[in-house]
Number of protein chains: 2
Amino acid sequence: MATTTAKQHQELAKQRYDDFVAECPTRQLLDRISDKWVSLVLIALADGPRRYAEINRAIAGVSPKMLTQTLRTLERDGLVERRITAEVPVRVDYELTALGRSLQPVLSVIKSWAEARMDDVLTARARYDGVSP
Amino acid sequence: MATTTAKQHQELAKQRYDDFVAECPTRQLLDRISDKWVSLVLIALADGPRRYAEINRAIAGVSPKMLTQTLRTLERDGLVERRITAEVPVRVDYELTALGRSLQPVLSVIKSWAEARMDDVLTARARYDGVSP
DNA sequence: CCGGATCCCGCTTGATACTG
DNA sequence: CAGTATCAAGCGGGATCCGG
């Protein structure tokens, strides 16, 4: 044995990164809020509770599967609360928890920087592409 | 023809999302900073200029390819400056631009929330998994 | 009406080897 | 030293169909 170096190295590297992710809160938070739909859902729920179908309509282009998956993750992480009302047909509302609401200022900061500086980024990008297209 | 509905739908949805991304600064910023290596590079450069190999050593588990790719993207976006010194062998330094440095407070806010509240998220997660494993 | 299960495709990641 | 070229694989994200 002792000849599986390649695969072993790969697994070790991946393991190291996984361990790092597992213990780095910032990494975890970034992974959460950078999820394709998470920020949109958080915004959709900012003004109060919403039904599943409402959120689905509010966010253009999200598939039911991804919306459910996103909401489940947020519920699991204690950022969103899921409330089922036994009507016919069933009614399901989603609402931000206190923890979820505490995240809003963070998103707000991100949004502020983006709106203030993203133009500079775009300009730099265009210049870079112009020099070596 | 007129039977390629699946693929067409997919492409339309992707297109809609791409259009949205193209015009939403926040989405763009999130996509940038949430990149696997971007935040690590930004942190590595926080204290001043660094050479390629230094960064490579500072960040465990990054392949040359991904490091280069990350640095190129950051350079393109005007967040990092690349400076080549004609020595033998060649010397290349990377340094945050003013724009790049202006991003640090944003990362700082994210980090603060993560360190303060991520435990709550982890707790909620454990509870959720405990209820329905 | 809500959302779980399954299959599948394409993109990104990353290891590895090579060059100026 | 500072990258580029190539190639394989894993996985995110979506369509589609089915159950509660």
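The chains referred to below are lettered A, B, ... by the order of the sequence lines, with proteins before strands, and numbering in each begins at 1.
Whole-Å rounding puts the B/Asp31 CG to C/dC11 P distance at 16 Å. Rounded to an integer number of Å, the gap from A/Tyr52 OH to C/dG4 P is 9 Å. The nearest whole Å value for the distance from the CZ atom in B/Arg32 to the P atom in C/dT12 is 12 Å. Going from atom CG of A/Asn56 over to atom P of D/dA15 covers 12 Å, rounded to whole Å. Between A/Arg83 atom CZ and C/dC2 atom P there is a gap of 15 Å when expressed in whole angstrom units. What separates CE of B/Met66 from P of D/dT6 is a distance of 18 Å, to the nearest Å. In this structure, the CD1 atom of A/Ile55 is 13 Å from the C1' atom of C/dG3, given to the nearest Å.
With respect to the salt-bridge test (charged N to carboxylate O, under 4.0 angstrom), the residues B/Asp129 and B/Arg125 do not qualify. Between A/Asp93 and A/Arg50, none of the side-chain N atoms (NZ, or NE/NH1/NH2) sits under 4.0 Å from a carboxylate O, so this pair counts as no salt bridge.
Looking at B/Thr73 and B/Arg32, their side chains come closer than 4.5 Å, going by heavy atoms from C-beta outward.
Side-chain N/O atoms of A/Lys36 include one lying less than 4.0 angstrom from OP1 or OP2 on D/dG14. For the pair B/Arg72 and D/dG3, the criterion of a side-chain N or O lying under 4.0 Å from OP1 or OP2 is met. The side chain of A/Trp37 places no N or O atom within less than 4.0 Å of a non-bridging phosphate oxygen (OP1 or OP2) of D/dG12. Remark: A/Gln69 is not in phosphate contact with C/dG3, judged by side-chain N or O atoms under 4.0 Å from OP1 or OP2. Applying the 4.0 Å criterion to OP1 and OP2 of D/dA2, one finds that B/Arg51 has a side-chain N or O inside that range. Considering only side-chain N and O atoms, B/Tyr94 lies under 4.0 angstrom from the phosphate OP1 or OP2 of D/dG3. Note on B/Arg82: every side-chain N or O is 4.0 Å or more away from OP1 and OP2 of D/dA2.
Here the closest non-hydrogen pair linking A/Leu30 and B/Ile33 is CD1-O, 3.9 Å. The minimum heavy-atom distance between A/Leu45 and A/Tyr94, with the atom names listed, is CD2-O, 3.5 Å.
Between C/dC2, D/dG13, D/dA2, one nucleotide has an atom nearer to the side chain of A/Asp35 than all others, and that is D/dG13. For A/Lys65, counting side-chain heavy atoms from C-beta on, the closest listed nucleotide (C/dA5, D/dA2, D/dC7) is C/dA5. Set against C/dG3, C/dC1, D/dG3, the side chain of B/Thr68 has D/dG3 as its closest nucleotide. Nearest to the side-chain atoms of B/Val92 among the listed nucleotides D/dA2, C/dC2, D/dT4 stands D/dA2.
Where A/Val62 and A/Val90 each meet DNA chain D at their nearest nucleotide, the meeting point lying more 5' is that of A/Val62.
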